[in-house]
Amino acid sequence: PNGGQQPVNADSRGHFLVEGLAAGSYELRVIAYVPDSRQRAQSAKQLVTVTDGATTEVTVTIDLTPPPNP
């Protein structure tokens, strides 16, 4: 119904867990919102391969440094 998207929120450490995915390749999209910032949300995407019966660890880095003032 939602195009296969499964939104998940990260915890206070930035960790998240998605369970019950079938084996295969998925595009992971991460969007980071900075509270009280005029900066637009930053995002990153990464291809992840999931294997049955295994945990797949993924590290995604997003630079949240505000752009310099003009």
Side-chain angles (χ1 to χ4, degrees):
N2 62 0
Q5 296 177 14
Q6 188 176 45
V8 177
N9 290 322
D11 65 16
S12 62
R13 299 171 301 155
H15 297 180
F16 60 90
L17 176 66
V18 179
E19 296 181 294
L21 291 176
S25 294
Y26 295 87
E27 181 179 86
L28 173 67
R29 289 189 226 177
V30 178
I31 301 171
Y33 298 95
V34 180
D36 301 322
S37 172
R38 287 188 258 165
Q39 182 178 350
R40 290 180 18 178
Q42 298 297 311
S43 64
K45 62 183 175 179
Q46 183 170 327
L47 189 62
V48 177
T49 301
V50 173
T51 305
D52 279 335
T55 299
T56 303
E57 292 194 22
V58 178
T59 300
V60 178
T61 304
I62 298 177
D63 183 3
L64 298 177
T65 306
N69 290 329

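Since the model is a prediction, treat every value here as computed from it, not as a measurement. Each residue takes its place number in the sequence, starting with 1.
Listed by first and then second residue, the salt bridge (charged side-chain N to carboxylate O under 4.0 Å, His left out) pairs involving residues 9-26 are Asp11-Arg13 (not counting sequence neighbours). Pairs engaging residues 50-64 under the side chain to side chain donor-acceptor pair (under 3.5 Å) rule: Asp63-Thr65 [sequence neighbours left out].
Of all non-hydrogen atoms in Ile62 and Ala32, the two that sit nearest each other are CD1-CB, 4.2 Å. Shortest non-hydrogen contact noted between Phe16 and Asn9 is CB-O, 4.0 Å.
Val8 and Val60 fall within the same hydrophobic cluster, where Ile, Leu, Val, Met, Phe, Trp and Tyr residues are linked whenever their side-chain heavy atoms come under 4.5 Å apart, directly or through other members. In the hydrophobic clustering of this structure, Leu28 does not group with Leu17; members are Ile, Leu, Val, Met, Phe, Trp, Tyr whose side-chain heavy atoms approach within less than 4.5 Å, directly or through other members.
One distance of note links CZ of Arg40 with OH of Tyr33; it measures 11.0 Å at 0.5 Å rounding. Rounding to the nearest 0.5 angstrom, the gap separating the CD atom in Gln42 from the CD1 atom in Ile31 is 11.0 Å.
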